[in-house]
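Step one of this worksheet: look at the structure below.
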Amino acid sequence: MPDAVTPSFLDSIRAIVGDRGLLTDPNDTAPYSEDWRRLYRGRTPAVVRPATTRELAAVVGLCARFGISVVPQGGNTSMVGGAVPAEDGSELVLSTARMNHVRAIDPVDMTMTIEAGVTLKAAQLAAAEAGCLLPLSISSEGTAQIGGVLAVNAGGNNTVRYGNARDMVLGLEVVLPDGEIWNGLRRLRKDNTGYCLRQLFVGSEGTLGIITAAVLKLAPAPREIAVALCGVGAVEDALALFTRFQAHDAASISAFELMSGLGMQFVLRHIPGASLPVETPAPFYVLVELATPRPNAGLRAMLEGVLEQALTDGIVSDAAIAESEAQRAAIWKLREEHSEAQKREGASIKNDVSVPVSKVPAFIREATVACEALMPGVRVVPFGHMGDGNIHFNLEQPEGSDATWFLAQDHAVMDTVNEVVRRYDGSFSAEHGIGRLKPYMMPDWRGGAELALMQRIKAAIDPAGIMNPGKVLPEEPAL
Ligand code: MLT
Ligand code: ZN
């Protein structure tokens, strides 16, 4: 136990959160000390699980007084090690899991006020019960919690239509690094009153404060949804299909996802119950979802019409349209299980990158050539949110290679991919954030005035540096 985290300090924490709110047994704290990808294994003297914002604020206030660092954690689904404590056992994990109430939903204002520990899935269901749509969907939504989703500004499947998490945030409640509570839970569509503080915390990955509750903007619930899985011969064909849907009715596209033949093989191999709804396997696949709140909009006919023409023109090789909710879920499962299937296949290096949508085919082609030249035998598995330009350019270890050796090449591999990303004016982190994986890239990509400004903001809000240390910003000043 590090010096500052003494038994009497833990007694003071227990006095705030009670026995239920404090875990100190290493068996209990272990799951909170490791990320789901098993890339980072830290240690923590305690996991604190407050039940309310006041409790959480009191805990942070105490940590501030004793100079103890805190690592905020929601569902622990970070792809970049953003929620794991350091190896030296000096940091407390602060879990928001027990703060899981939907405080209010207003179908007239089209807003919901929810606490950080509500899972994204539970938030979606609550919105649906009120006849609305929370238009944010990510593969880990059953586990990921709203606080973490906002802290990383998650994107996911519906960005093409609704934007990223930050586009849904009207108000926030945040516990600041000194333990003060900022209540900015306003639900106004217009509110120009100085700097937009809520957007500073969204995407800050818990390095400036802990998001404890939020007001989210809702959308009208869809009345008609049409989903298809299409086989295509090349990514260029996927782009051609996208532009056809855009030309027909751009506003109805709610998801346009790309998968590779190899990624699909992994899903079919490792995920029980997964099956391909098209007859002929293809080099790439597209999942297209159209949705509208308008009654009798004829979406299904539109989907069929566009696909028939695309089949005739040779853009699509085969297509299956979901005929029921169960078929729709089965098609989505093929896409959503990509990460899990890759994990079961072996070690993978993830590149969560974005380029302009029009450059996706060229990016994938060039990055594939570059990675195969760097590491013969590496298995390239590009997939993701093609409709918004966010590709998960993931690489699976060469068959028969050693996983530890492969993972040790991560910087060389990521740097190779990023060189191509840079040529297309893309970003080295599209939706997963920076976490512990990518701070080293920040000086190169965001150096100069931009990084200096971020460092000044961090120093102003968290001068003692106790909020999620080692995440987002590089240790050394970039200038
Ligand atoms: C997804 O979209 O499924 C995840 O963000 C991707 C990943 O595993 O890289
Ligand atoms: Zn994604």
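Counting convention: from 1, in listed order, for ligands and their atoms alike. Count residues from 1 along the sequence. None of these values were measured; they are calculated from a predicted model.
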**Request:** Taking salt bridge (Lys or Arg N to Asp or Glu O under 4.0 Å) as the test, write out the residues that go with Asp28, two or more places apart.
**Result:** none
Give me the pairs of N or O atoms, one from ligand 1 and one from the protein, that sit under 3.5 Å apart.
from	atom 1	to	atom 2	distance (Å)
ligand 1	2 (O)	Arg335	NH2	2.7
ligand 1	2 (O)	His385	NE2	3.2
ligand 1	2 (O)	His392	NE2	3.1
ligand 1	3 (O)	Ser139	OG	2.8
ligand 1	3 (O)	Arg335	NH1	3.1
ligand 1	3 (O)	Arg335	NH2	3.4
ligand 1	5 (O)	His392	NE2	3.1
ligand 1	5 (O)	Glu431	OE2	3.2
ligand 1	5 (O)	His432	NE2	2.8
ligand 1	8 (O)	Ser339	OG	2.2
ligand 1	8 (O)	Lys350	NZ	2.7
ligand 1	9 (O)	Asn394	ND2	3.3

**Asked** Any idea which heavy atoms bring Glu91 and Ala86 closest together, and the distance?
**Response** OE1-N, 3.0 Å
**Message:** Can a side-chain donor-acceptor contact be found between Thr212 and Glu173 if the only test is distance below 3.5 angstrom?
**Reply:** yes
**Prompt:** Can you tell me if NZ on Lys359 sees more than 12 non-hydrogen neighbours from other groups inside 6.0 Å?
**Reply:** no
**Request:** Just jot down the side chain to side chain contact (heavy atoms under 4.5 Å, CB included) partners of Ser429, sequence neighbours excluded, or say none.
**Result:** Asp352, Ile434, Lys438
**Prompt:** Looking at Arg423 and Glu366, does any basic side-chain N land under 4.0 Å from a carboxylate oxygen?
**Reply:** yes
**Prompt:** Do His411 and Tyr440 have ring centroids that are under 6.0 Å from one another?
**Reply:** yes
**Item:** Short N-O contact, Glu323 and Arg300, less than 4.0 angstrom
**Value:** yes
**Over 12 foreign heavy atoms within 6.0 Å of CZ, Arg38** = no
**Message:** At a cut-off of 2.8 Å, what protein N/O/S atoms sit near the Zn ion (ligand 2)?
**Reply:** His385 NE2, His392 NE2, Glu431 OE2
